[in-house]
Amino acid sequence: MSGMGRLHPRALGDLPRAVRRPLLARDALKCGIVHLGLGAFARAHLLACNDDALDAGAAPDWGVIGVSLRHATVRDALAPQQGLYTLALRDARGTALRVVGSLQGLQVATEDPRAVLEAIAHPHTRIVSMTVTEKGYCHDPATRRLRLDHPDIAHDLSAPDAPRSAIGFIVHGLARRRAGGLVPVTLLSLDNLPANGDTLRGLVIALAERVSSGLARWIERECAFPNSMVDRIVPRTTDADRIAVAQALGCEDAAAVVAEPYLAWAVEDRFVAGRPDWSAGGARFVDRAQPWEHLKLRMLNGAHSTIAYMGVLAGWPAVDAAIAQPALRRFVDALMREEIAPTLADALPGVDLDAYRAELLGRFANPALAHRTAQIAMDGSQKLPQRLLGTVRDRLSVAAPVERLALAIAAWCTHLRGHDDAGQRYGIDDPLAADLTALHERAQAQSTPHERAAVFTRFAPVFGDLADAPGLVEPLARALAALQSKGVAGALEPTPP
Ligand code: CS2
């Protein structure tokens, strides 16, 4: 796009009229929020809602310092734009563009870890939020306990001035706040973890305990960790997206993000040092987020992971292409209706699960996102427990069948072989990749599908107490055998009873 200028505060006035831009006086903003993890998701969700709150008149206390924990790429894209970027909301009807202005500061933790600690320990800071994906919590996904043997956690214990993990930054940053006699802050996880606030609290306190029990008690007593359910589908941005945004804006934006128009956020209203009114952007402040989170993790993410593994195996590269396959669409619909929704019926009296399911199928079919199945398939070891296995546990506890859930899990197990049904090879992108490849080999060395299924269920970081559970092993064995002999297309026809 040679010859084009770059998105910048000075360029705002020249943008086409249809592009929404921030109203706030950015220079007057103080930074009350430090956000860890500047991936596309935070830019499409929290930061956009935060702009809405500021535009609706929130006090100028809620600017955001965005921290990339590992790589400089996002900072390098945003810095020349002074933190401005475009959010493009897309569906079959078209694209709506807005420029988001909440980001006031940009940091890269690996370059200057002290600056991150100082930001967390700054007197203006009131909220430390995070989107670091499941694996960023350095925990055991089945038990949600901190992995003290995780290299980053081991490092962070001995490096209070230069941590690496989000948990390490929070603990050592809070230690500085406590030492400085500053007000406590709210720690807000926006990741797809079950009870994400409670989980984060457990991990932070477990690490703090090893730093000083006084610190651990102070955190327990003074800080808040609200649970939240966050929902917006945000695929990884591609060069083609950036080119399309530049054409629409009339200037280049190296940090543009593309997402679906849908947005939901249920967050527990437990903030110890204030918060912006994110309801201006669609947030719902609730007493308990858990029912919302269960609904979303089990229905949306459970279905998403199912589509992802089946899509990767069958060679359907994007979610909309996969869900357009009649057999997969029927299967995912039945999985949600027959096996997932019944585990949610009591939890959410006001929610119409049939309408929610229909809406999800519509969101998956969004033709304007090109959401890669391979992207969702990443990090399965960290995702399966809350997306599919909690549902399995609830079903088994009332002796309900898990035939379809087992086929979804079998698709994950089978995808670990590293090639699709046509023999095309791909890599396994997962923090436990080496263990998972070895697991798959161990399972394949067994002589019966039943033994193969049992080997998978004994993989404790994912299956935990489901090891050898007969109610799971038997349908899993059938599903593994079907996928192995007939591939995804064959295993989906006819839909299992
Ligand atoms: C997806 C989620 O990549 C994935 O694992 O399932 O990122 C999903 O798009 C979001 O949770 C939607 O809110």
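Values in this document were obtained by computation on a predicted structure and should not be read as measured data. Note that ligands are numbered from 1 as they come in the structure, with each ligand's atoms numbered from 1 the same way.
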Quiz item: For atom 13 (O) of ligand 1, what's the nearest protein heavy atom and its distance?
Solution: Asp231 OD1, 2.6 Å
Quiz item: How are the rings of Trp278 and Phe285 set relative to one another: parallel (under 30°), tilted (30 to 60°) or perpendicular (over 60°)?
Solution: parallel
Quiz item: Is there at least one pair of N or O atoms, one from Arg232 and one from ligand 1, spaced under 3.5 Å apart?
Solution: yes
Exercise. Give, for atom CG of Asp253 and atom OG1 of Thr86, the distance between the pair rounded to the nearest 0.5 Å.
Key: 3.5 Å
Exercise. From atom 6 (O) of ligand 1, work out which of Arg363, Met378, His304, Arg372 has a heavy atom at the shortest distance.
Key: His304
Exercise. Can you label the angle between the His440 ring and the Phe456 ring as parallel, tilted or perpendicular, going by 30° and 60°?
Key: tilted
Quiz item: Which ligand 1 atoms does Lys383 reach within 4.0 Å, using its non-hydrogen atoms?
Solution: 3 (O), 4 (C), 5 (O)
Practice problem: Classify the contact between Asn192 and ligand 1 as side chain, backbone, both or neither, using a heavy-atom distance cut-off of under 4.0 Å. | Solution: side chain
Exercise. Applying side-chain contact (heavy atoms from CB on, under 4.5 Å) between Pro291 and each of Glu293, His294, Arg288, report the one that passes.
Key: Arg288
Quiz prompt | Contact check: Gln375 vs ligand 1, nitrogen or oxygen atoms, below 3.5 angstrom | solution = no
Exercise. Consider every N or O of Asn301 and every N or O of ligand 1, then say whether any pair is closer than 3.5 Å.
Key: yes
Quiz item: What is the ring orientation for Phe364 with His304, classed by angle as parallel under 30°, tilted 30 to 60°, or perpendicular over 60°?
Solution: parallel
Quiz item: For His71, does the NE2 atom sit with more than 12 other heavy atoms under 6.0 Å from it, leaving out its own atoms?
Solution: no
Self-check item: Aromatic ring pairing His45/Phe41, orientation class (parallel under 30°, perpendicular over 60°, tilted between)
Solution: parallel
Quiz item: Counting each atom of ligand 1 from 1 as listed, which ones have a heavy atom of Arg387 under 4.0 Å away?
Solution: 1 (C), 4 (C), 5 (O), 6 (O)
Self-check item: Heavy atom of the protein closest to atom 11 (O) of ligand 1 (residue, atom name, distance)
Solution: Lys296 NZ, 2.6 Å
